[in-house]
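This report refers to the structure that appears directly beneath it.
Heavy atoms only: backbone and side chains are in, while hydrogens, waters and symmetry mates are out.
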Amino acid sequence: MNNINKSTFNFWFYRVLLTFFILFITISLNSCLNYYQEVKLYPDGSGKMHIDYWMKFVNEESKIVAENLGIFNADSIRSEFQSRYTKIENVVVYRDSTDSTTHALIDFSFNHIDSLNKTKVFAESRFSFREKTNGQVDFSQFISPIATGFGIDAGSLNVTYKYNISGEIISHNAQQISGKSLTWHYKLSEIGGGKTIAVTFQPYKLKETPLWIFFLSGAVLILVLFFLLKKRKN
């Protein structure tokens, strides 16, 4: 596969794409590959990541090819994502009967997102978490270019990245924003020479709102409602 530049994208995603290419060439796969990555990014650079990638197999032969490459094998996935910088929390492989797609789900936490650059899985992602003098943070991740060859339809691959930011968002280049959530979505044809997703934010002082604040707020609300009802009866 000389048409594929192996150095331009991360190791694990390459194996996922490689499976797709083999299936496409050998059995005329009529489905697309989807990759979804969602990250909860905390003010100190630590966080949690959820990955879901899936594809549809048209027959048993295509399924066997994928299984041999290990991208839909829970043990293989766990070994690829396990490192001194990550803590694997969940790995699930399942078949969705509604659309006959096979999914791989991975959930893990990390001490600092920059450290993921030292893993094989994210070796080309170029995570950057840079604290500025004014207390703001510049964060970015690189989406590597993917050269396929073989005449594969560039609209057959979809990648989505979603970041939930623990801070006040100052600027970003996301395509969608909802509250503190930013989303980037690309087809293969749109990635071109690579894309960099970026956001600048003012971190909150706490990682997350402590549960006791929610409990206290609820208790205060109940007391207020109690006195209002009591006053109305009187």
Side-chain angles (χ1 to χ4, degrees), residues 1 3-21 24 31-42 45-55 69 71 77 80-81 83 85-86 103-110 112-130 137-150 152-165 167 169-178 180-201:
M1 292 189 176
N3 291 332
I4 300 178
N5 185 345
K6 297 181 181 179
S7 66
T8 57
F9 50 93
N10 72 61
F11 179 79
W12 185 256
F13 196 31
Y14 165 73
R15 290 181 64 179
V16 177
L17 291 173
L18 178 61
T19 300
F20 176 70
F21 300 153
F24 185 92
S31 184
C32 63
L33 168 69
N34 296 276
Y35 176 89
Y36 176 81
Q37 173 184 303
E38 182 171 355
V39 179
K40 175 65 175 179
L41 187 59
Y42 295 130
S46 64
K48 298 180 179 180
M49 185 178 294
H50 167 78
I51 292 175
D52 178 8
Y53 59 84
W54 65 97
M55 63 174 64
L69 287 172
I71 66 168
I77 295 171
E80 292 294 341
F81 280 84
S83 74
Y85 311 106
T86 61
H103 289 246
L105 307 178
I106 309 102
D107 293 283
F108 63 91
S109 58
F110 49 86
H112 199 282
I113 198 161
D114 279 0
S115 64
L116 297 181
N117 294 323
K118 301 176 183 179
T119 65
K120 290 190 300 183
V121 177
F122 298 107
E124 300 295 331
S125 294
R126 304 180 196 171
F127 291 107
S128 176
F129 187 95
R130 185 169 60 87
V137 170
D138 285 335
F139 170 76
S140 64
Q141 177 185 351
F142 182 64
I143 303 174
S144 302
I146 305 169
T148 64
F150 307 115
I152 295 178
D153 179 12
S156 298
L157 301 176
N158 301 282
V159 295
T160 301
Y161 297 81
K162 181 177 180 180
Y163 275 87
N164 300 300
I165 304 297
I169 297 172
I170 308 301
S171 63
H172 66 87
N173 64 353
Q175 296 156 326
Q176 297 177 355
I177 180 170
S178 177
K180 304 303 178 186
S181 296
L182 301 169
T183 303
W184 294 260
H185 178 78
Y186 300 106
K187 291 185 178 297
L188 173 61
S189 57
E190 298 171 323
I191 296 176
K195 293 285 186 180
T196 298
I197 59 180
V199 56
T200 297
F201 65 98

Are the side chain of [X] and the backbone N or O of [Y] linked by a donor-acceptor pair below 3.5 Å?
X    : Y    : value
S109 : T86  : no
E80  : I77  : no
N173 : T196 : yes
D138 : R130 : no
W54  : L105 : no

Taking only residues two or more places apart in sequence or in another chain, which ones pass side chain to side chain contact (heavy atoms under 4.5 Å, CB included) with [X]?
X    : value
H185 : N158, T160, Q175
K180 : E168, Y204
N164 : E38, K40, K162, S181

Less than 4.5 Å apart, side chain to side chain, heavy atoms only: is that true for [X] and [Y]?
X    : Y    : answer
W184 : K195 : no
Y163 : T183 : no
V137 : T200 : no
I170 : V199 : no
E124 : S144 : yes

To the nearest 0.5 Å, what is the distance between [atom1] ([X]) and [atom2] ([Y])?
X    : Y    : atom1 : atom2 : result
Y42  : I113 : OH    : CD1   : 12.0 Å
S128 : N117 : OG    : CG    : 8.5 Å
H112 : L41  : NE2   : CG    : 8.5 Å
D52  : I106 : CG    : CD1   : 8.0 Å

For the student: nearest non-hydrogen atoms of L182 and A174, plus distance: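 That would be CB-CB, 3.8 Å.
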
What heavy-atom pair brings S83 and T119 nearest, and what distance separates the two atoms?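 Scanning both residues completely, I find the closest heavy atoms to be OG-CG2, 3.6 Å.
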
Do the ring centers of [X] and [Y] come within less than 6.0 Å of each other?
X    : Y    : answer
H103 : Y53  : no
Y85  : F110 : no
Y186 : Y161 : no

Candidate list K48, M49, Q141, test side-chain contact (heavy atoms from CB on, under 4.5 Å), partner V39, passing option: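 For V39, the side-chain contact (heavy atoms from CB on, under 4.5 Å) check succeeds only for M49.
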
Parallel under 30°, tilted from 30 to 60°, perpendicular over 60°: which one fits the rings of F127 and F122?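 Rings of F127 and F122: perpendicular, as their planes differ by over 60°.
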
